[in-house]
Number of protein chains: 2
Amino acid sequence: MQGTLSRATLGRLPMYLRYIRRTNTDKISATQIAKDLGLGEVQVRKDLASVCAEGLPKVGYPVSALRRDMERALGVNVPVSAVIIGAGKLGSALMEYDGFADYGMKIVAAFDQKASALPDRHGCIPVYPMDRLSGFCASQHVQAGILTVPASSAQSAADVMVAAGLTAILNLAPVQIQVPSGVTVQQEDIALSLAYLHMAASEA
Amino acid sequence: MQGTLSRATLGRLPMYLRYIRRTNTDKISATQIAKDLGLGEVQVRKDLASVCAEGLPKVGYPVSALRRDMERALGVNVPVSAVIIGAGKLGSALMEYDGFADYGMKIVAAFDQKASALPDRHGCIPVYPMDRLSGFCASQHVQAGILTVPASSAQSAADVMVAAGLTAILNLAPVQIQVPSGVTVQQEDIALSLAYLHMAASEA
DNA sequence: GTATAATCGGTATATCAGAATCGATAACCG
DNA sequence: CGGTTATCGATTCTGATATACCGATTATAC
């Protein structure tokens with residue numbers, strides 16, 4: 001069951017998990033979730049069925065079991081360490097973002113070219129100069145990095161990340177970066193979402 | 001032709017546009033673009049064909065025509081105005097984000113509850129108190145807004161945006177917001193990306 | 001106890017993006 | 001002037017995803 005999670009389904013699981021965590025009842029139906037989240041009822045049922053087999057007709061899913069299975073599917077019980085590359089406004093905002101722990105992600109440090117000019121710590125997260133990235137990732141076994149530098153330096157920063165041994169990169173800069181095979185890149189372009197949104201809005 | 005742009009294609013267009021703008025020849029082939037950008041040749045050709053019909057065998061596309069059609073497809077020539085709601089760290093970061101112009105988006109102002117305590121301007125973008133939102137959007141014909149307030153106040157902020165006449169909302173807060181029909185909401189949850197990143201990191 | 005309603009889970013169909021293939025066309029070369 | 005080569009554009013194919021449908025199951029109402 002768990003090996004057959006499609007990419008699209010996986011993308012919706014955090015949404016369900018967030019919903020489930022805020023639910024106070026002990027049973028929840030796919031129908032209700034679909035209504036509250038604005039998704040198709042069938043799609044939600046299929047997604048839930050792919051991670052949890054304890055659904056009962058007329059009742060729905062036991063919230064505790066559903067939450068347990070979903071957290072397991074997402075691997076939030078096995079925390080992954082990540083670093084932030086780029087301690088500018090966006091990087092700083094992410095350091096204060098409180099949603100990382102909810103999904104098993106722990107920000108352990110940030111790195112920036114101008115780190116010596118910055119205070120050593122930002123909140124509870126240390127900020128180091130870039131040349132310490134490689135050593136840090138090796139000693140702490142960090143594999144994931146969030147890239148928040150400007151577009152102009154995104155590729156060179158990504159090269160440094162790859163050289164430091166990171167194998168998973170979340171790129172928030174509005175450019176496509178080239179990485180060798182074996183490194184996963186997740187592109188997250190906010191401007192693209194806005195453009196798509198407006199296109200969809202003006203079509204109707 | 002132009003109405004059938006998929007999201008994936010739309011996301012690649014700025015990459016092509018950047019490439020084209022840097023090109024100094026007067027003809028360019030899809031094959032060459034694909035090679036330089038590390039994409040599939042067929043995919044590039046299909047993308048280009050969806051916005052420009054002036055490709056010639058053996059020659060490629062006239063750069064000027066391709067650039068013109070691509071800029072038109074992206075709406076760069078008819079920029080869409082958008083406002084940012086919430087001038088905290090994330091909002092400030094977005095004001096400096098340089099990817100909006102790639103899609104013909106222009107951030108014209110930001111609004112915040114505590115605007116009186118803030119400097120009037122943030123870079124070149126003015127920051128106003130929330131109660132001026134409605135008048136501003138009406139006079140400037142703004143239809144799109146980016147919501148960057150904390151989760152706890154996202155819904156009330158969204159209500160204000162709807163009341164101000166915005167019809168397209170990009171919600172960056174990790175909560176689902178309810179809006180009346182006729183208003184399009186695009187949810188952009190960084191947690192969704194994190195989940196994918198988590199999976200990629202723990203696979204290796 | 002039986003009927004009814006609501007929900008799950010699986011199967012089948014439709015839709016869509018991406019990849020591969022193929023014919024057509026235009027420049028280049030002998 | 002004919003052949004070769006490079007490139008486009010259309011068609012087809014495939015894999016993935018979303019939707020629709022249907023049988024099975026369980027609580028509830030009468």
Side-chain angles (χ1 to χ4, degrees), chain A residues 1-13 15-16 19-20 23 25-67 69-70 73 176 181 185 187 192 196 199-200 203, chain B residues 1-13 15-16 19-20 23 25-66 69-70 73 192 195-196 199:
Chain A
M1 281 265 180
Q2 197 157 327
T4 64
L5 284 179
S6 79
R7 170 81 200 279
T9 296
L10 190 67
R12 287 186 294 267
L13 290 190
M15 211 179 347
Y16 301 138
Y19 179 92
I20 292 166
T23 295
T25 60
D26 58 341
K27 309 274 186 187
I28 188 67
S29 75
T31 310
Q32 187 62 39
I33 295 178
K35 202 179 302 175
D36 291 343
L37 294 183
L39 299 173
E41 169 201 324
V42 182
Q43 187 173 69
V44 173
R45 247 211 316 277
K46 195 180 148 220
D47 288 341
L48 298 191
S50 69
V51 299
C52 182
E54 298 190 26
L56 284 182
K58 183 74 178 177
V59 175
Y61 289 83
V63 170
S64 60
L66 184 55
R67 175 172 172 170
D69 289 346
M70 197 161 291
Q176 208 91 8
S181 67
V185 173
Q187 182 73 29
L192 171 58
Y196 194 78
M199 228 183 61
E203 261 176 10
Chain B
M1 280 255 182
Q2 198 159 325
T4 63
L5 287 177
S6 76
R7 170 153 199 168
T9 297
L10 189 63
R12 286 186 293 265
L13 290 191
M15 202 174 5
Y16 302 138
Y19 180 91
I20 292 166
T23 295
T25 61
D26 58 341
K27 309 274 185 186
I28 188 68
S29 74
T31 309
Q32 188 61 39
I33 294 178
K35 203 181 300 178
D36 291 343
L37 294 181
L39 298 174
E41 176 208 347
V42 183
Q43 187 172 67
V44 173
R45 245 209 318 275
K46 198 178 147 217
D47 288 341
L48 298 192
S50 70
V51 299
C52 182
E54 297 190 26
L56 285 181
K58 184 74 178 179
V59 174
Y61 288 84
V63 170
S64 60
L66 185 55
D69 289 346
M70 197 161 293
L192 266 57
Y196 182 73
M199 199 190 63

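Each chain gets a letter, A, B and so on, in the order its sequence line appears, and its residues count up from 1. Source: prediction; values computed, not measured.
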How far apart are the closest heavy atoms of [X] and [Y], and which atoms are they?
X: B/V51; Y: B/D69; value: O-CB, 3.3 Å
X: B/A30; Y: B/V44; value: O-CG1, 3.8 Å
X: A/V59; Y: A/S29; value: O-CB, 4.3 Å
X: B/E54; Y: B/Y61; value: C-CD2, 4.0 Å
X: A/Y19; Y: A/Q32; value: OH-CG, 4.0 Å
X: B/T25; Y: B/V63; value: O-CG2, 3.4 Å

Nearest 0.5 Å, what's the CZ-CE distance between A/R67 and A/M70?
->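 Reported value, rounded in 0.5 Å steps: 11.5 Å.
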Could you give the distance from CG (A/L66) to OH (A/Y16), rounded to the nearest 0.5 Å?
->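 Spacing of CG (A/L66) from OH (A/Y16) equals 10.5 Å.
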More 5' along DNA chain D: B/A30 or A/T9, using each one's nearest nucleotide?
->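 Going by which nucleotide is closer to the 5' end, it is B/A30.
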5'-most contact on DNA chain D: B/L48 or A/R12, nearest heavy atom basis?
->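 It is B/L48, whose closest nucleotide lies nearer the 5' terminus.
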Residue-phosphate contact under 4.0 Å: B/Q43 side-chain N/O, C/dA19 OP1/OP2 =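 So the side-chain polar atoms of B/Q43 do come within 4.0 Å of the phosphate oxygens OP1 or OP2 of C/dA19, strictly under.
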Take atom [atom1] of [X] and atom [atom2] of [N], then tell me their distance rounded to the nearest Å.
X: A/L5; N: D/dT17; atom1: CG; atom2: P; answer: 11 Å
X: B/E54; N: C/dA26; atom1: CD; atom2: P; answer: 14 Å
X: A/E41; N: D/dA18; atom1: CD; atom2: C1'; answer: 14 Å
X: B/Y61; N: C/dA27; atom1: OH; atom2: C1'; answer: 17 Å
X: A/K35; N: C/dT7; atom1: NZ; atom2: P; answer: 8 Å

Check nucleotides 11-16 of chain D for protein N or O atoms closer than 3.5 Å to its own N or O atoms and list the pairs.
none

Using a heavy-atom cut-off of under 4.0 Å over every strand shown, decide if B/G55 touches base, sugar-phosphate, or nothing.
->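 Sugar-phosphate contact only.
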List every contact pair, protein side and nucleotides 21-29 of chain D side both N or O, where the distance is under 3.5 Å.
none

When you match A/K46 and A/G60 each to their closest nucleotide on DNA chain C, which lands nearer the 5' end?
->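 The answer here is A/G60.
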Any pair counted as salt bridge (Lys or Arg N to Asp or Glu O under 4.0 Å), so long as it reaches residues 25-44 of chain B, sequence neighbours left out =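 Checked against salt bridge (Lys or Arg N to Asp or Glu O under 4.0 Å) - neighbours excluded - the pairs reaching residues 25-44 of chain B are B/E41-B/R45.
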